[in-house]
Colleague: 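Before I ask anything, let me first share the structure, which is written out below as structure tokens.
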Amino acid sequence: MGYARRMGFVVRIMQRRRSRTDGTTLARRLGCNKQGFSPNSKGTNGPEKKPRPSAREGCKATILVKMEKSGKWVVTRFIKDHNHPLVVTANGYSTVGDKDKKIEELTLELERQEQLCAAYREKLFNFMNNVEEQTEELSSKIQVIVDNIRKVESEMLKSFLQ
């Protein structure tokens, strides 16, 4: 298990064979936790389970050890190669799980995006207020121009009729 931690993977106990007479372990097969593929999510004894992403990737890395009659443990099969990247940490332990780390990163990104959104919302609100103020100012200036034109037209009409 220490080897696995140093190399960057997690071990899963795949199989264990015991003696029928005294129950002692005779053989054990250990493998990468990404070995094989997840079983079907439909259970025979209940409703269908919500599908989750599988951690298994069909990795073949495994070790099989058997106890000889002398009591000595012997490696009878060893497949070292993994079909996925290994995650090595300084002390061999993950300080924060990959999922937790990703959630933390995404939460920080979401907070940053929310702050940006609030800043843009405020700028847009200020812009809209500015447009509204200038529209009112232009409307009043246009009204003055319209009033002046009517006054000039009225005076021209009076001078023409006299």
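As the structure is a prediction and not an experimental result, all values here were calculated from the model.
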Colleague: Mind checking the CZ-CD spacing from Arg28 to Gln15? Nearest 0.5 Å is all I need.
Modeller: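 Those atoms lie 11.0 Å apart.
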Colleague: How long is the gap from CG on Leu64 to OG1 on Thr76, to the nearest 0.5 Å?
Modeller: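 Rounded to the nearest 0.5 Å, the CG-OG1 separation comes out at 3.5 Å.
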Colleague: Is Leu157 isolated, or which residues cluster with it under the ILVMFWY side-chain rule of less than 4.5 Å, directly or via members?
Modeller: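 Noted: Leu157 shares its cluster with Leu161.
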Colleague: Quick one: does Val74's side chain get under 4.5 Å of Lys66's, heavy atoms only?
Modeller: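 They are not in side-chain contact.
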Colleague: Do the side chain of Ser154 and the main chain of Arg150 share a donor and acceptor less than 3.5 angstrom apart?
Modeller: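 No, Ser154 side chain to Arg150 backbone: no donor-acceptor pair under 3.5 Å.
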Colleague: Kindly state each residue pair satisfying salt bridge (charged side-chain N to carboxylate O under 4.0 Å, His left out) with at least one member in residues 107-120, sequence neighbours excluded.
Modeller: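 Sorted result for residues 107-120: Glu109-Arg112.
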Colleague: Show which residues join Val152 in its hydrophobic cluster (side-chain heavy-atom contacts under 4.5 Å, direct or indirect), or state none.
Modeller: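 Under the 4.5 Å side-chain rule, Val152 groups with Met156.
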Colleague: Quick check: do Asn130 and Gln134 have side-chain heavy atoms less than 4.5 Å from each other?
Modeller: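 They are in contact (side-chain heavy atoms under 4.5 Å apart), so the answer is yes.
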Colleague: Measuring from Thr62:OG1 to Phe78:CZ, what's the distance to the nearest 0.5 Å?
Modeller: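 One gets 9.5 Å once the value is rounded to the nearest 0.5 Å.
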Colleague: If you count every heavy atom of other residues, nucleotides or ligands that lies below 6.0 Å from Gln113 atom CD, does the total exceed 12?
Modeller: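 Enclosed: over 12 neighbouring heavy atoms sit under 6.0 Å from CD of Gln113.
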Colleague: When you compare the side chains of Glu133 and Asn129, does any donor N or O come within less than 3.5 Å of an acceptor on the partner?
Modeller: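 Glu133 vs Asn129: no donor-acceptor pair found between side chains.
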Colleague: Might you point out which heavy atoms bring Val75 and Val65 nearest each other, and give the distance in Å?
Modeller: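 Smallest heavy-atom distance, with atoms named: CG2-CG1, 3.8 Å.
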Colleague: Find the distance between CD1 (Ile79) and SG (Cys32) and round it off to the nearest 0.5 Å.
Modeller: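 Nearest 0.5 Å value for the CD1-SG distance: 12.0 Å.
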Colleague: Report the distance from atom NZ of Lys60 to atom CG of Asp81, rounding to the nearest 0.5 Å.
Modeller: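 Separation between the atoms: 12.5 Å.
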Colleague: Can a donor-acceptor pair be found, under 3.5 Å and without considering hydrogens, that links the side chain of Thr25 to the backbone of Arg18?
Modeller: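 Checked: no pair found.
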Colleague: Rounded to the nearest 0.5 Å, what separation is found between the CD1 atom of Ile103 and the CG atom of Leu110?
Modeller: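 One finds 12.5 Å between CD1 of Ile103 and CG of Leu110.
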Colleague: Is there a donor-acceptor contact under 3.5 Å from the side chain of Thr24 to the main chain of Ser19?
Modeller: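 It does not hold such a pair.
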